[in-house]
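Quick note on labels: first sequence line is chain A, next is B, and so on, each numbered from 1. Predicted, not measured: the structure shown is a model, and the values here were computed from it.
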Protein chains: 2
Amino acid sequence: MLSNASKYAIRAVLFLAEKSEMHQKYSAVEIAEALEIPNHFIAKLLQQLAKNHIISSTKGPNGGFYLNAKNLQLKVCDILNVIEIKKVFEGCFLGLPKCSDVNPCPVHHVVAGFREKILVKFEHQTIQEFADEVKLKGTFISHKGLSPSI
Amino acid sequence: MLSNASKYAIRAVLFLAEKSEMHQKYSAVEIAEALEIPNHFIAKLLQQLAKNHIISSTKGPNGGFYLNAKNLQLKVCDILNVIEIKKVFEGCFLGLPKCSDVNPCPVHHVVAGFREKILVKFEHQTIQEFADEVKLKGTFISHKGLSPSI
DNA sequence: TATAAAAAATACTAAATAGTATTATATTAA
DNA sequence: TTAATATAATACTATTTAGTATTTTTTATA
Ligand code: SF4
Ligand code: SF4
């Protein structure tokens, strides 16, 4: 549903959000290692995000990526709008035409309901809030030392 | 979420299910034209389905693809098991590790709920039932003459 | 001001998915 | 038994997504 690129980007931003209180910067390499994401791949994504002012960066020694106060108030879907080219929640789940509540397909209510809910989440929840929720609930964003559960 | 291949396959089977009362056979070309799907692509998918006994076929003049009574009692997910290589509903939506109800990610309940529901649909609803529901509710499975709504 | 650290930019390879073309085989019916 | 029709099989090309490598630019600091 989401591309690897989008998933990586979200996790990287969550990582930076979690660290944002310390006002420290993290290099692409550090982030890649922490999240076990391909080094150069995440670097490219971070650059795209920085270019679009979703995250912040400074070059040179002691430089790196970080989130400022403004970044933290952006929405989760702002990340997706940069990384995910094709709109994620568009297009028919079954490739059928003319979807509507009038002539719904057998999965209409399940799919439409899901899309509605996840979209509201992504459009309304700030990166800050998202990260806080992750922290509060003890969700792991790093695979390190964990065997995959799914 | 689903590949084009899976979507095409489902629509093709729905098409055959709808026609199954007439005990007529349809060539790959006819199906492709009716559903506006690439000719050779759907032919290949139909062959795979026939090989795995999800649909039936006969060669030669007046041959073609069709569904017998047994085919109609198969489940929708039987189609996906043939076409979709990687399991559709596995893997974390956000690429996070250790998903569970104990430490849920911010979209856990939305995603887990959706997966549960759609999986139940696909595993329990027969092709016959699926097609009947489509017919009853007037869902379009062909794009012909329709401008896309989404 | 030289050096090193890090982002930024560019260019590339690999793998997966999507789609096309060609040939072989089976079946029916004239 | 030959011709036509349709599936079946094989092999190919194109596009998208994923991932890698190399070079350039910026900047802190020694
Ligand atoms: S609800 Fe059904 S018809 Fe509508 S977009 Fe989703 S799968 Fe397609
Ligand atoms: S519920 Fe959340 S943590 Fe679990 S698989 Fe889905 S996205 Fe990942």
Side-chain angles (χ1 to χ4, degrees), chain A residues 1-13 16 23-68 71 80 82-88 91 95, chain B residues 1-12 16 24-68 71 80 82-88 91 95:
Chain A
M1 195 140 196
L2 294 180
S3 63
N4 277 3
S6 293
K7 290 182 195 172
Y8 291 164
I10 290 175
R11 279 173 63 213
V13 173
L16 291 174
H23 293 289
Q24 213 191 317
K25 291 160 198 160
Y26 292 86
S27 73
V29 173
E30 286 171 314
I31 296 169
E33 277 175 3
L35 302 180
E36 291 186 303
I37 291 174
N39 190 327
H40 291 90
F41 198 163
I42 193 62
K44 213 163 47 171
L45 298 173
L46 290 165
Q47 280 163 32
Q48 283 184 68
L49 291 171
K51 202 187 202 173
N52 287 275
H53 309 104
I54 311 299
I55 68 177
S56 307
S57 66
T58 53
K59 287 181 171 183
N62 304 322
F65 298 97
Y66 63 99
L67 300 188
N68 62 27
N71 296 145
L80 296 180
V82 169
I83 304 298
E84 197 86 15
I85 304 104
K86 53 177 186 194
K87 290 283 164 207
V88 190
Chain B
M1 198 140 194
L2 294 180
S3 62
N4 276 4
S6 293
K7 290 182 194 170
Y8 291 164
I10 289 174
R11 280 173 63 213
L16 291 175
Q24 212 191 319
K25 291 161 198 159
Y26 292 86
S27 73
V29 173
E30 287 172 314
I31 296 170
E33 276 175 4
L35 302 179
E36 291 186 303
I37 291 174
N39 189 328
H40 291 89
F41 199 163
I42 193 63
K44 212 163 47 172
L45 298 173
L46 290 165
Q47 280 163 34
Q48 283 184 68
L49 291 171
K51 201 188 203 172
N52 287 275
H53 309 104
I54 310 299
I55 68 176
S56 307
S57 67
T58 53
K59 288 182 172 183
N62 304 321
F65 298 97
Y66 63 99
L67 301 188
N68 61 27
N71 296 146
L80 296 180
V82 170
I83 305 297
E84 196 86 15
I85 304 106
K86 54 178 186 193
K87 289 283 165 210
V88 190

Between Met1(A) (CE) and dT17(D) (C1'), how many Å, whole number?
-> 18 Å

Which residues satisfy the ring pair (Phe, Tyr, Trp, His ring centres under 6.0 Å) test with Tyr66(B), sequence neighbours excluded?
-> none

Qualifying ring-ring contact (aromatic ring centres under 6.0 Å, His included) pairs with a residue from residues 36-56 of chain B, counting only residues at least two apart or across chains | Tyr8(B)-Phe41(B)

What does Lys44(A) touch in the nucleic acid at a heavy-atom separation under 4.0 angstrom: a base, only the sugar-phosphate, or nothing?
-> base

Got a sec, which residues hit side-chain hydrogen bond (donor to acceptor under 3.5 Å, both in side chains) with Ser3(B), two or more places apart in sequence or on another chain?
-> Ser6(B), Glu84(B)

Spatial distance of atom CD1 (Ile31(A)) from atom CD1 (Ile42(A)) [nearest 0.5 Å] | 7.0 Å

Indicate whether OP1 or OP2 belonging to dG19(D) is found under 4.0 Å from a side-chain N or O atom of Tyr8(A).
-> yes

Compare side-chain N and O positions of Asn4(B) against OP1 and OP2 of dG19(C) and report whether any pair is under 4.0 Å apart.
-> yes

Residues two or more places apart in sequence or in another chain: which of them pass ring pair (Phe, Tyr, Trp, His ring centres under 6.0 Å) with Phe65(B)?
-> none

Starting at CZ of Phe41(A) and ending at P of dT13(C), how long is that distance when rounded to a whole Å?
-> 18 Å

Quick one: His40(B) NE2 to dA6(D) P, roughly how many Å, whole number?
-> 14 Å

Rounded to the nearest angstrom, tell me the gap between atom CG in Leu45(B) and atom P in dT20(C).
-> 12 Å

Could you run down the sub-3.5 Å N/O contacts of the protein with nucleotides 6-8 of chain C?
from: dA6(C); atom 1: O4'; to: Gly60(A); atom 2: O; distance (Å): 3.3
from: dA7(C); atom 1: OP1; to: Ala28(A); atom 2: N; distance (Å): 3.1
from: dA7(C); atom 1: O3'; to: Ser57(A); atom 2: OG; distance (Å): 3.4
from: dA8(C); atom 1: OP1; to: Ser57(A); atom 2: OG; distance (Å): 2.8
from: dA8(C); atom 1: N7; to: Gln47(A); atom 2: NE2; distance (Å): 3.0

Rounded to the nearest Å, what distance is computed from the CD1 atom of residue Ile83(B) to the P atom of nucleotide dA18(C)?
-> 11 Å

Once you round it to whole Å, what is the distance between P of dA9(D) and CG of Leu49(B)?
-> 13 Å

Taking NZ from Lys7(A) and C1' from dG19(D), how many angstroms apart are they, rounded to a whole number?
-> 16 Å

Between dA6(D) (C1') and Tyr66(B) (OH): distance, integer Å = 14 Å

Please tabulate, one pair per line, all N/O donor-acceptor pairs under 3.5 Å involving side-chain atoms of residues 44-52 of chain A, not counting sequence neighbours.
from: Asn52(A); atom 1: ND2; to: Gln48(A); atom 2: O; distance (Å): 2.8

Quick one: OG on Ser57(B) to CG on Asn68(B), what's the gap to the nearest 0.5 Å?
-> 10.5 Å

